[in-house]
**Q** 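This is the structure, below, for whatever I ask next.
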Amino acid sequence: QVELTESGGGSVQPGGSLTLSCEVSVYYLSTNAMAWFRQAPGQEREAVACVDLANRRAYYSDSVKGRFTITQDDAKEVVTLQMDKLTPEDTAMYYCAASPFRLRVSSWWEIGEYNSWGQGTQVTVSS
């Protein structure tokens with residue numbers, strides 16, 4: 001397992017932006033895909049975005065496509081989620097996750113694909 005530390009959460013008004021960062025400590029080279037999930041109160045944890053670290057291919061959930069961007073910085077071992085045009089529906093605890101598997105189109109959103117998780121960072125969007 002790898003150690004993951006999220007940062008960058010906070011409160012923002014609708015239409016605003018936030019940038020979340022996930023620092024990967026220990027065994028970055030054993031990680032093949034990184035993802036962001038989120039969980040709102042009373043809701044199941046859902047995948048938001050994923051990136052394959054080898055080919056930088058990224059996938060997004062329909063709810064964030066066109067508004068969120070996931071990127072990686074291999075030198076810093078950090079994966080970033082840029083979130084724009086935020087809405088109240090984006091309010092949730094956001095979690096970074098690491099997978100030892102290459103990203104798969106058929107299953108990238110499945111929690112079981114990931115074996116390491118961060119503690120989460122809260123994102124609140126309200127006026």
Side-chain angles (χ1 to χ4, degrees):
Q1 290 186 340
V2 299
E3 298 176 4
L4 307 174
T5 305
E6 302 101 334
S7 62
S11 297
V12 65
Q13 293 185 340
S17 299
L18 281 174
T19 302
L20 304 183
S21 294
C22 177
E23 180 179 350
V24 185
S25 303
V26 184
Y27 305 128
Y28 181 78
L29 293 180
S30 67
T31 299
N32 284 295
M34 296 289 297
W36 286 94
F37 284 72
R38 66 185 181 186
Q39 187 168 19
Q43 303 294 320
E44 294 185 352
R45 190 170 297 191
E46 63 172 353
V48 173
C50 178
V51 62
D52 185 300
L53 299 182
N55 60 24
R56 299 179 181 266
R57 183 169 297 174
Y59 290 92
Y60 300 90
S61 66
D62 289 341
S63 61
V64 307
K65 195 173 297 182
R67 300 188 298 120
F68 290 11
T69 305
I70 187 170
T71 56
Q72 66 191 80
D73 185 328
D74 294 332
K76 297 181 179 179
E77 298 184 348
V78 171
V79 175
T80 299
L81 185 68
Q82 175 65 38
M83 306 186 295
D84 299 317
K85 301 178 182 179
L86 287 162
T87 72
E89 289 68 37
D90 295 315
T91 295
M93 184 72 77
Y94 283 70
Y95 298 91
C96 178
S99 173
F101 309 117
R102 294 292 301 276
L103 187 154
R104 292 181 282 199
V105 176
S106 60
S107 60
W108 72 268
W109 60 82
E110 294 184 3
I111 291 176
E113 290 286 302
Y114 304 88
N115 62 354
S116 298
W117 295 83
Q119 294 300 307
T121 185
Q122 178 68 37
V123 171
T124 302
V125 185
S126 69
S127 54

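Numbering starts at 1 and runs along the sequence shown.
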**Q** Any heavy-atom pair between the side chains of Asp90 and Met83 that's under 4.5 Å?
**A**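 Not touching, per the 4.5 Å side-chain cut-off.
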
**Q** Within the 3.5 Å criterion, strictly below it, is a donor on Gln13 or Ser127 matched to an acceptor on the partner's side chain?
**A**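 No, because no side-chain N or O of Gln13 sits under 3.5 Å from a partner of the opposite role on Ser127.
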
**Q** Show the nearest heavy-atom pair for residues Ala47 and Ser61, with the distance to one decimal.
**A**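 Shortest heavy-atom contact: O-CB, 3.5 Å.
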
**Q** Cation over ring, Arg57 on Trp108, under 6.0 Å and within 45°?
**A**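 Judged by the rule, Arg57 and Trp108 form no cation-pi pair.
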
**Q** Give, for atom CG of Leu81 and atom CZ of Phe37, the distance between the pair rounded to the nearest 0.5 Å.
**A**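 Reported value, rounded in 0.5 Å steps: 12.5 Å.
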
**Q** Assigning hydrophobic clusters by single linkage (Ile, Leu, Val, Met, Phe, Trp, Tyr; side-chain heavy-atom cutoff under 4.5 Å), is Ile111 placed with Met93?
**A**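 Yes, it is one cluster - the side chains of Ile111 and Met93 are joined through contacts under 4.5 Å.
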
**Q** Is there a chain of hydrophobic side chains (I, L, V, M, F, W, Y, each step under 4.5 Å between heavy atoms) that links Met34 to Tyr59?
**A**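 Cluster IDs for Met34 and Tyr59 differ.
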
**Q** Would you check if the side chain of Asp52 reaches a backbone N or O of Leu103 as a donor-acceptor pair within less than 3.5 Å?
**A**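 Yes.
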
**Q** Between Tyr95 (side chain) and Glu6 (backbone), is there a donor-acceptor pair under 3.5 Å?
**A**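 Flag not set: sc Tyr95 to bb Glu6 has no pair under 3.5 Å.
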
**Q** Is there a side chain to side chain contact (heavy atoms under 4.5 Å, CB included) between Gln122 and Thr91? Walk through the geometry before answering.
**A** CA-CA 8 Å; Gln122 178 68 37; Thr91 295; 4.1 Å; yes

**Q** So how far is it from Arg67 CZ to Ser17 OG, rounded to the nearest 0.5 Å?
**A**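 Reported value, rounded in 0.5 Å steps: 10.0 Å.
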
**Q** What's the spacing between Glu89 CD and Arg38 CZ if we round to 0.5 Å?
**A**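 Reported to 0.5 Å precision, the distance equals 9.0 Å.
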
**Q** Starting from the C-alpha separation in whole Å, work towards a yes-or-no answer on side chain to side chain contact (heavy atoms under 4.5 Å, CB included) for Leu53 and Val51.
**A** CA-CA 6 Å; Leu53 299 182; Val51 62; 4.1 Å; yes

**Q** Between Thr80 and Thr19, is a side chain to side chain contact (heavy atoms under 4.5 Å, CB included) present by the stated rule, with each step listed?
**A** CA-CA 7 Å; Thr80 299; Thr19 302; 3.2 Å; yes

**Q** Between Thr31 and Glu77, is there a side-chain heavy-atom distance shorter than 4.5 Å?
**A**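 Glu77 vs Thr31: side chains apart.
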
**Q** With hydrophobic residues grouped by side-chain heavy-atom distances under 4.5 Å, do Tyr114 and Leu4 end up in a single group?
**A**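 They do not share one cluster, since no chain of ILVMFWY contacts under 4.5 Å joins Tyr114 to Leu4.
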
**Q** Could you tell me the separation between the OG atom of Ser99 and the CD atom of Glu113, rounded to the nearest 0.5 Å?
**A**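 Spacing of OG (Ser99) from CD (Glu113) equals 5.5 Å.
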
**Q** So, the side chain of Ser116 versus the backbone of Glu3: is there a donor-acceptor pair under 3.5 Å, distance only?
**A**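 Flag not set: sc Ser116 to bb Glu3 has no pair under 3.5 Å.
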
**Q** For the CG atom of Asn32 and the CZ atom of Arg102, what is their distance to the nearest 0.5 Å?
**A**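 Reported to 0.5 Å precision, the distance equals 6.0 Å.
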
**Q** Which pairs pass disulfide (SG to SG under 2.5 Å) with one or both residues in residues 63-98, sequence neighbours excluded?
**A**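 Non-adjacent pairs meeting disulfide (SG to SG under 2.5 Å): Cys22-Cys96.
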
**Q** Please tell me whether Val79 and Val64 are part of a single hydrophobic cluster in this structure, the criterion being side-chain heavy atoms less than 4.5 Å apart.
**A**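 Same cluster.
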
**Q** Do Ser126 and Thr124 meet the criterion of a side-chain donor-acceptor pair at a distance under 3.5 Å?
**A**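 Per modelled atom types, Ser126 and Thr124 side chains form no pair under 3.5 Å.
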
**Q** Decide yes or no on side chain to side chain contact (heavy atoms under 4.5 Å, CB included) for Val24 and Gln72, but give the supporting numbers first.
**A** CA-CA 11 Å; Val24 185; Gln72 66 191 80; over 6 Å; no

**Q** Mind listing the closest non-hydrogen atom pair of Ala33 and Cys50 along with its distance?
**A**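 Result for this residue pair: CB-SG, 4.2 Å.
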
**Q** What is the minimum heavy-atom distance between Ile70 and Ala58, and which atoms define it?
**A**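 Result for this residue pair: CG2-CB, 3.7 Å.
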
**Q** Quick one: pull up CZ in Arg104 and CH2 in Trp109 and give me the separation to the nearest 0.5 Å.
**A**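 Here the interatomic distance stands at 11.0 Å.
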
**Q** Between Phe68 and Trp36, does the ring centroid distance fall short of 6.0 Å?
**A**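 No, they do not, as the ring centres are separated by 6.0 Å or more.
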
